[in-house]
Protein chains: 2
Amino acid sequence: MRLTSKGRYAVSAMVDLNNQRDQGPITLSAISERQYISLSYLEQLFRRLRESGLVNSVRGPGGGYLLAKDAVDISVADIIRAVNEPVRTTMCENGIRGCHRGQRCDTHQLWESLGLHIYRFMDSVSLAQVCAKDAVLNHIQLGDVARYLPADPMAEGMIKIEAIS
Amino acid sequence: MRLTSKGRYAVSAMVDLNNQRDQGPITLSAISERQYISLSYLEQLFRRLRESGLVNSVRGPGGGYLLAKDAVDISVADIIRAVNEPVRTTMCENGIRGCHRGQRCDTHQLWESLGLHIYRFMDSVSLAQVCAKDAVLNHIQLGDVARYLPADPMAEGMIKIEAIS
DNA sequence: TTAATTCCGACTAATTTAGTCAAGTATATA
DNA sequence: TATATACTTGACTAAATTAGTCGGAATTAA
């Protein structure tokens with residue numbers, strides 16, 4: 001999980017796309033103007049968003065981009081994952097096994113787990129939640145981070161998140 | 001909040017430091033060997049960790065680094081924040097007000113809020129939690145992400161996290 | 001005094017981010 | 001059909017960040 005301004009750009013663009021979803025296909029130049037992101041850079045980002053199945057494209061005049069699914073089914077993590085390269089594991093050559101110099105990297109699983117947590121958290125925030133607050137309050141309330149649940153509750157213990165205020 | 005392998009290195013080093021805390025000051029070369037991080041790069045990272053008050057240094061032979069506070073009082077976010085440059089806000093020139101070209105950047109507060117969430121989550125995981133599981137299971141259980149609370153519960157609503165399994 | 005070790009600044013290389021450019025291809029519409 | 005619109009693609013560049021390297025200076029235990 002990488003978190004840089006690249007992901008920020010992508011999230012901003014997707015928010016824009018969803019906010020304008022009644023207008024039919026949205027052109028990148030329109031997004032470019034509203035979000036102050038260069039058209040060419042948006043082209044790069046949307047190539048990836050399309051390849052990840054998050055947006056559909058319509059070519060020709062009147063064309064543009066549309067969300068491929070409902071905003072409640074798109075998480076912030078989906079968007080960030082789409083535009084980022086897969087994380088380069090600098091410390092470990094292979095995946096979860098066999099770390100470099102033939103020795104076990106004893107912090108590998110540790111970071112894997114921590115990364116998983118962050119990932120799940122980001123996956124718990126949907127584009128719809130982000131957009132709703134953007135439109136209404138321009139601000140996300142903590143209480144709206146609905147549920148933060150592991151894919152298999154039995155596997156690793158389970159956390160319940162409740163808004164209590 | 002930026003999340004790259006730089007932060008990973010720093011967290012790994014801090015985990016190592018805490019795991020060896022009974023041994024007195026720990027030299028960077030020892031950490032370098034155990035964690036496969038170059039000594040010079042560790043020097044860069046520890047300069048920042050020291051400036052942020054997360055570690056104390058002891059110079060001269062027998063010297064090295066020690067955690068400046070108890071591991072329960074150091075969050076993963078503290079560590080990552082320490083080694084990273086302050087985030088460059090590419091889209092907005094000033095802080096929370098006055099975005100570029102004189103116009104209001106309508107996704108600024110949005111991302112501020114989302115970033116705040118991620119931040120708080122990372123702040124809820126302490127080095128001690130990370131280390132405990134590293135030593136025993138080499139794995140963090142979800143149920144151990146103890147509390148995820150805003151600094152001022154009244155300000156923005158409040159979330160309670162409970163392990164329920 | 002000597003060796004171990006942190007401290008510090010300047011430098012470099014690799015990678016990623018951000019952005020440009022110059023072509024294409026598809027298609028609605030005049 | 002012609003044309004303008006808009007996506008698609010690949011190659012390229014510049015800036016920033018990451019991940020180091022290097023050489024020395026300061027500190028201090030032995």
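Order of the sequence lines fixes the chain letters, A, B, ..., with proteins taken first and strands second; residue numbering starts at 1 for each chain.
In this structure the side chain of A:E43 never reaches within 4.5 angstrom of the side chain of A:R47, judged on heavy atoms. Here the side chains of B:I31 and B:Q20 are not in contact, with every heavy-atom distance at 4.5 Å or above. With a 4.5 Å cut-off on side-chain heavy atoms, B:L54 and B:R48 do not count as touching.
Residue A:S5 places none of its side-chain N or O atoms closer than 4.0 Å to OP1 or OP2 of C:dT17. OP1 or OP2 of D:dA19 sits under 4.0 Å from a side-chain N or O of B:Y41. Between B:S38 and D:dT21 there is a side-chain polar atom (N or O) within less than 4.0 angstrom of OP1 or OP2.
In this structure, the OH atom of A:Y9 is 19 Å from the P atom of C:dT16, given to the nearest Å. Rounded to whole angstrom, the span from the CG atom of A:N56 across to the C1' atom of D:dA6 amounts to 16 Å. B:Q44 places its CD atom 10 Å from the P atom of D:dT18, with the value rounded to the nearest Å.
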Mark up nucleotides 3-9 of chain C, 5' to 3', with B wherever a protein heavy atom is under 4.0 angstrom from a base atom, S wherever such an atom reaches only the sugar-phosphate, and - elsewhere.
BBBBBBB
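For A:L67 against A:L17, the heavy-atom pair with the smallest separation is CD2-CD2, 3.8 Å.
Ring geometry for B:Y9 versus B:Y41: interplanar angle over 60°, hence perpendicular rather than tilted (30 to 60°).
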